[in-house]
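All ligand and atom numbering here is 1-based and tracks the order in the structure.
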Amino acid sequence: VPALEQEAENATVSQGAVESNHAGFSGTGFVNYDNVAGSSVEYTITADQGGEHELTFRYANGTTTDRPVSVTVDGAAAQTVSFPGTGAWTTWQTRTARVALHAGANKIKATATTANGGPNADKLSAVLVGPVDNEPP
Ligand code: GCU
């Protein structure tokens with residue numbers, strides 16, 4: 001069973017850079033979103049069963065300003081997730097969102113909605129929390 005998680009540094013990054021200069025990340029680094037609206041990280045989460053999942057985004061935001069992102073699944077179902085300040089760029093916290101995933105590969109894109117860009121993004125993980133949907137995608 002594939003792990004329901006992906007490191008940001010292994011995801012598809014648009015307008016951002018993989019860096020490792022702030023300790024405490026998992027894997028080999030994190031993504032520093034460019035400080036522009038529209039910068040994004042697109043994760044692939046391969047779910048073994050369809051259904052409602054809780055997504056957990058691990059991040060750091062060393063500023064005191066929220067860095068909200070718009071989250072889509074396969075281009076749809078947009079919702080905004082807030083990433084408030086964590087106190088330091090080396091202090092990593094999590095925020096969650098609930099989305100429906102289908103069995104197989106789901107593209108989960110987190111796009112910055114403000115000119116500050118997104119937070120520093122470490123990892124996305126997913127856990128099945130709702131009724132199982134075994135309909136084919
Ligand atoms: C600093 C910090 C970066 C961060 C950036 C930002 O430059 O070192 O890791 O991404 O601020 O404000 O986005």
Side-chain angles (χ1 to χ4, degrees):
V1 176
L4 301 189
E5 62 177 42
Q6 188 176 41
E7 293 288 340
E9 64 270 27
N10 297 330
T12 300
V13 179
S14 173
Q15 295 182 287
V18 174
E19 297 178 353
S20 57
N21 58 325
H22 298 299
F25 52 81
S26 63
T28 58
F30 57 85
V31 170
N32 172 353
Y33 281 75
D34 288 356
N35 300 120
V36 292
S39 50
S40 67
V41 179
E42 185 177 68
Y43 302 87
T44 302
I45 294 289
T46 302
D48 36 68
Q49 293 178 302
E52 186 83 355
H53 285 68
E54 182 169 88
L55 303 180
T56 298
F57 294 87
R58 188 164 191 264
Y59 80 102
N61 176 358
T63 77
T64 54
T65 304
D66 187 17
R67 298 246 179 134
V69 306
S70 171
V71 174
T72 59
V73 179
D74 292 338
Q79 59 181 283
T80 299
V81 180
S82 179
F83 291 98
T86 58
W89 291 110
T90 49
T91 300
W92 301 84
Q93 296 181 355
T94 58
R95 299 291 286 184
T96 61
R98 290 207 173 193
V99 297
L101 299 182
H102 61 79
N106 297 261
K107 298 287 187 185
I108 299 172
K109 189 171 186 179
T111 304
T113 64
T114 76
N116 290 323
N120 285 353
D122 184 34
K123 181 167 77 171
L124 175 64
S125 51
V127 176
L128 180 66
V129 291
V132 173
D133 168 12
N134 280 319
E135 293 299 313

Is the closest protein non-hydrogen atom to atom 7 (O) of ligand 1 under 4.0 Å? no
Residue and atom name of the nearest protein heavy atom (relative to atom 5 (C) of ligand 1), distance in Å to one decimal: Trp89 CZ2, 3.8 Å
Are the side chains of His22 and Thr90 in contact, using a 4.5 Å heavy-atom criterion? yes
Is any N or O atom of Glu19, backbone or side chain, closer than 3.5 Å to an N or O atom of ligand 1? no
For a quick check under 3.5 Å, do Asp74 and His102 share a side-chain donor-acceptor pair by atom type? yes
Would Asn116 count as being in polar contact with ligand 1, using the rule that some N or O on each side must be under 3.5 angstrom apart? no
Under the criterion ring pair (Phe, Tyr, Trp, His ring centres under 6.0 Å), which of Phe30, Trp92, Phe83 is the partner of Tyr59? Phe83
Is there a side chain to side chain contact (heavy atoms under 4.5 Å, CB included) between Asp122 and Glu7? Walk through the geometry before answering. CA-CA 6 Å; Asp122 184 34; Glu7 293 288 340; 3.7 Å; yes
Has ligand 1 got any nitrogen or oxygen that is less than 3.5 angstrom from a nitrogen or oxygen of Asn21? no
Protein heavy-atom partner closest to atom 2 (C) of ligand 1 - residue, atom, separation in Å: His22 NE2, 3.5 Å
For His53 and Leu4, run side chain to side chain contact (heavy atoms under 4.5 Å, CB included): C-alpha distance rounded to whole Å, both residues' side-chain angles, the deciding distance at 0.1 Å, then the answer. CA-CA 10 Å; His53 285 68; Leu4 301 189; 4.3 Å; yes
Nearest 0.5 angstrom please: Ser82 OG to Phe57 CZ, how far? 12.0 Å
Please report which non-hydrogen protein atom sits nearest to atom 9 (O) of ligand 1, along with the residue it belongs to and the distance in Å to one decimal place. Asn120 ND2, 2.8 Å
Out of the candidates Val81, Leu55, Thr56, Val69, only one should pair with Arg95 under the side-chain contact (heavy atoms from CB on, under 4.5 Å) rule; please name it. Val81
Do ligand 1 and Tyr33 have nitrogen or oxygen atoms that lie under 3.5 Å from each other? no
Tell me which protein heavy atom sits closest to atom 12 (O) of ligand 1, plus the residue, atom name and distance to 0.1 Å. Arg67 NH2, 2.8 Å
Considering both backbone and side-chain atoms of Thr63, is one of its nitrogen or oxygen atoms within less than 3.5 Å of a nitrogen or oxygen in ligand 1? no
